[in-house]
Amino acid sequence: MADYTTSELMVSRAAKELKSGDVVFVGIGVPSLAVNLAYRMHAKDLCMIYESGAVGCVPTRLPISIGDPCLVTGSLAVVPMLDVFNLYLQGGKIDVGFLGGAQVDRFGNINSTVIGDYRKPKVRLPGSGGACEIAALAKRVVITISNSKRTLPEKVDFVTSPGYLRGGREREALGLQGGPDLVITDMGVYHFDPQTRELVLESLHPGITLETIRDNTGWPLKTAPTLKETPEPSAEEIRIVRDELDPQGIFLRSRAG
Amino acid sequence: MADYTTSELMVSRAAKELKSGDVVFVGIGVPSLAVNLAYRMHAKDLCMIYESGAVGCVPTRLPISIGDPCLVTGSLAVVPMLDVFNLYLQGGKIDVGFLGGAQVDRFGNINSTVIGDYRKPKVRLPGSGGACEIAALAKRVVITISNSKRTLPEKVDFVTSPGYLRGGREREALGLQGGPDLVITDMGVYHFDPQTRELVLESLHPGITLETIRDNTGWPLKTAPTLKETPEPSAEEIRIVRDELDPQGIFLRSRAG
Amino acid sequence: MTMKDAVGRFVRDGDLVVMEGFTHLIPFAAGHEIIRQKRRDLTLARLTPDLIYDQLIAAGCVKKMIFSWAGNPGVGPLHAFRRAVEKGIPQPLEIEEYTHFGMVLRFMAGASNLPFLPTRNYPGTDLTTVNPNFRKVRSPYSDEELWCVPALFPDVTIVHAQRADEDGNTQVWGLYGVQKEAAFASKRVIVTVEEIVPAKVIRSDPNRTIIPGMIVSAVVPEPFGAHPSFVQGAYDRDNDFYVEWDTVSKDEAGLKKYLDEWVHGVPDRAAYTKKMQDRREALEADRQMCEPVNYGF
Amino acid sequence: MTMKDAVGRFVRDGDLVVMEGFTHLIPFAAGHEIIRQKRRDLTLARLTPDLIYDQLIAAGCVKKMIFSWAGNPGVGPLHAFRRAVEKGIPQPLEIEEYTHFGMVLRFMAGASNLPFLPTRNYPGTDLTTVNPNFRKVRSPYSDEELWCVPALFPDVTIVHAQRADEDGNTQVWGLYGVQKEAAFASKRVIVTVEEIVPAKVIRSDPNRTIIPGMIVSAVVPEPFGAHPSFVQGAYDRDNDFYVEWDTVSKDEAGLKKYLDEWVHGVPDRAAYTKKMQDRREALEADRQMCEPVNYGF
């Protein structure tokens, strides 16, 4: 079996969510690597959009920020941010958005604003950036986050980006379509129950036990009838990630899960 | 005295309304000639904007339409029409707008939509185009029109572009600033009474009598205490108009007033 | 794709069709193909109907027109439009009228998937009394009331451009008009271009791309496809044609004769272009190249 | 005009100041001059405060910040910002928080002289519960309710660009960010550029002009004026600097040492640039020129 890091597994799993023709709103780190991996492996016609305004990017190096100049050079279009949000995102052109955060709760709501009280924060986080609008307006959202009682609480301290709120039909009732579809952590992969809209564990990463994951989740975890094992990244995937996407290991060594 | 056409007189008079630094929303015909004359005579820093999106134009030939390619080549900026209307006009950057029309009434309201009833028009005219927003949002409007009972009725058949509506403070009450400031016809020049906002004749063109102009205006005309004579175009102005601006006489022979 | 196929596949009877381009890049070739394919009951939207919609009206393709300025720019009235509105010839024409600003906002609202957009325009004009689609909204930040226009969502938008790659990534320079907003608001988009270029040309200057391939249904190479309007850097506006149109279109017979010869009488734009080769040469643009910029890092 | 004069004349204590540029073209040189001139009680607005506002906060210039993402892009938190919010160091910092989309709409509403703009965004987020400036409007065309953000009208907006003529007609390529909207919304505008070029260069490619001279108060030639951010076609982003900032800014002493050496310790950007000549050379952009286009007719 190939040797790989958990982050590489997450990247490989996230890449499987993308298909040719998808228009993908990309963030930095695991999402960026996943999209670039999918692009090289099986999704040739995938179109990458960064909130900085670069569309159809072909980065010749690993972008360090979502506004890296390598996203501009050779791209298909570079547009004002007004167009990114009005025409592309609100206009319904984005198939998949990737999001992370400090906390994700039982119903897929994301917090990237504060830990503790908003007025007297224990930790002040960066805030929404474009996350709230991606969560509200992309057709589909895939979330990546580490798996712990701190990062997966039953309820987030602050809803920066709406998932299914308190579950059931509440998101639709507020006039929002789409919503989170998959959560990929360093321990497993979750989908959402179509009725309750609660996170449901669908696969465990190799070597992770159900007990471990239960000990690291902030609520009594529901699991799929048949728990699968998350597929390992192929040797080719690992080669691409290490040799082509992140040769200096900027995201995948320093931040290995 | 120099020989000149009435249109050349109108162009010369209109040009005197423009000063260096003015940002001017330009239309085709007399307005275009007036702005270009002012630009050559005394208003070097004047900035011409056409609703087509060309800003800071330096036309090397007489523009036949407001979207003539000669307005684009060598201009300072060419912007989307969304910007022309949102950022430049509604954003309050336009000092002077020139307007014409089929009818102008006692309070400076302009009709360029229909003669007769809107549903059963006697004559269907082109409509507003950008005229309504120029009348509503430019800081100042100068109107050029021919002088007859038909073209200067007491009340226009249809208010395409608002002037002072029924006079007095009605325009301000509706939240509109600016408004028409001067009307130049083929017989005389009018300003607006600061209180009643009614057209007041301030000067007669050479050779036109007060009686003639009264016979060609649709309401009992008010006149300034001292009626002036409209200044004739200088030999230099006539030379520029004929030799540089409209050498083929596209606007000033065929359409001579 | 050929113009015949693009119009055949993506323009349907009864559609709300937008063919934009403000004096610049008006997709006349596409308009002629729509006439040849005898589309009916179309609702046409455009700021300035121009000669292209005057021709479609005369050909009996049009049920309704949404517009803001219906004239022959720099020349006079649109005779076919006036015959339809004033006399119902060849059939009654329903009209829905705005202003340029209003039409631009309708396209922008549609492109942004919003129900409406507000403006400070419209107090005092009678347009709001004859068109019930002008409505007011109160600002939640003050007592101000603002007029609004509703979003416009075309079934198909057709634009002409200088160049695109084969995936429809489309670049325009010179006057932009409202093509970007109209295309993003539309269910289907047909792009006709002077030239299909390799993707690397598009990618060498990504800031010039106004329409991304992801929203384009068909790309049609159609040189001279905007005549008698113009294409910056390719050919000048055929002002003589616009002046002649005043005579040609003054009576139905003259207009029918034009359509028979220049629309039905030719199979496609290539034949049309060949038929006026000398005129095309006379309109050829001179070279005034921009200073290139550096996209390196 | 020199940076010293431009900031001296057009940036005042208590102003609402916007220094935009989304990772690209961030006007750091102007920020340093504001610190040197000891402006106080500023309200700063920007989508991403970035290192430029972290420095202004640490220098004690800032009373309030309006923003949507306060982090060190690709690295971590903004330490000075967090010290101010969490501990009131060097002084309490009032915050008013939106999202990127919300900030963009606030600038666009201001630039359009509208009181607000609507969006389909914001149902379900707690941001609307902590910021009363998010308000709802009902569509006059349906029963839909939409969230709105209010217009933002800066006292002064400062942007950096690749080039402008001496009248301030300003051209940008690469990432546009929201500079155009912020500039049009602003009472005063300062443009700092890598290069002042003859008007004929600007006029050779009018579609690239994003800010017209008519709204510009001052044009400042300031090569390398965006470092450590980047300028497409001129120099790359100094990612090492962004990583080092995490250490430099972790404690007040380290940050003060940086300001003493690189801001107060130099008279202007020219001296700053000289001081890091080798770094500048390492960041020099390679040449990837666009295909020129023809503006002739």
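Letters A, B, ... mirror the listed sequences (proteins, then strands); counts begin at 1. Keep in mind that the numbers below use all heavy atoms, side chains included, and drop hydrogens, waters and symmetry copies.
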Highest number of heavy-atom pairs under 4.5 Å with chain D among B/C47, B/C70, B/G53, B/G21 belongs to B/C70

Only one of B/L71, B/V78, B/L76 passes side chain to side chain contact (heavy atoms under 4.5 Å, CB included) with D/P206, and that residue is B/V78

Show me, pair by pair, the donor and acceptor atoms from chain B and chain D that are under 3.5 Å apart.
residue	atom	partner	partner atom	Å
B/G56	O	D/R203	NH1	2.9
B/T73	OG1	D/Y295	O	2.8
B/G74	O	D/R203	NH1	2.7
B/L76	O	D/T209	OG1	2.7
B/V78	N	D/P206	O	3.2
B/V78	O	D/N207	ND2	3.3
B/D83	OD2	D/K180	NZ	2.6
B/Q90	O	D/N113	ND2	3.4
B/Q90	NE2	D/S112	O	2.8
B/K93	NZ	D/F184	O	3.4

| Less than 4.5 Å apart, any side-chain heavy atom of D/M214 and any of B/I49? | yes

Per-residue tally against chain B (heavy atom, under 4.5 Å) across D/I211, D/I210, D/L114 peaks at D/L114

Turns out that what part of B/V55 lies under 4.5 Å from chain D's heavy atoms comes down to side chain

Hits for salt bridge (charged side-chain N to carboxylate O under 4.0 Å, His left out) against B/R197, two or more places apart or cross-chain, chain-then-number order -> B/E172

Given B/L87, B/V23, B/V72, B/L137, the one with more heavy-atom pairs under 4.5 angstrom with chain D than any other is B/L87

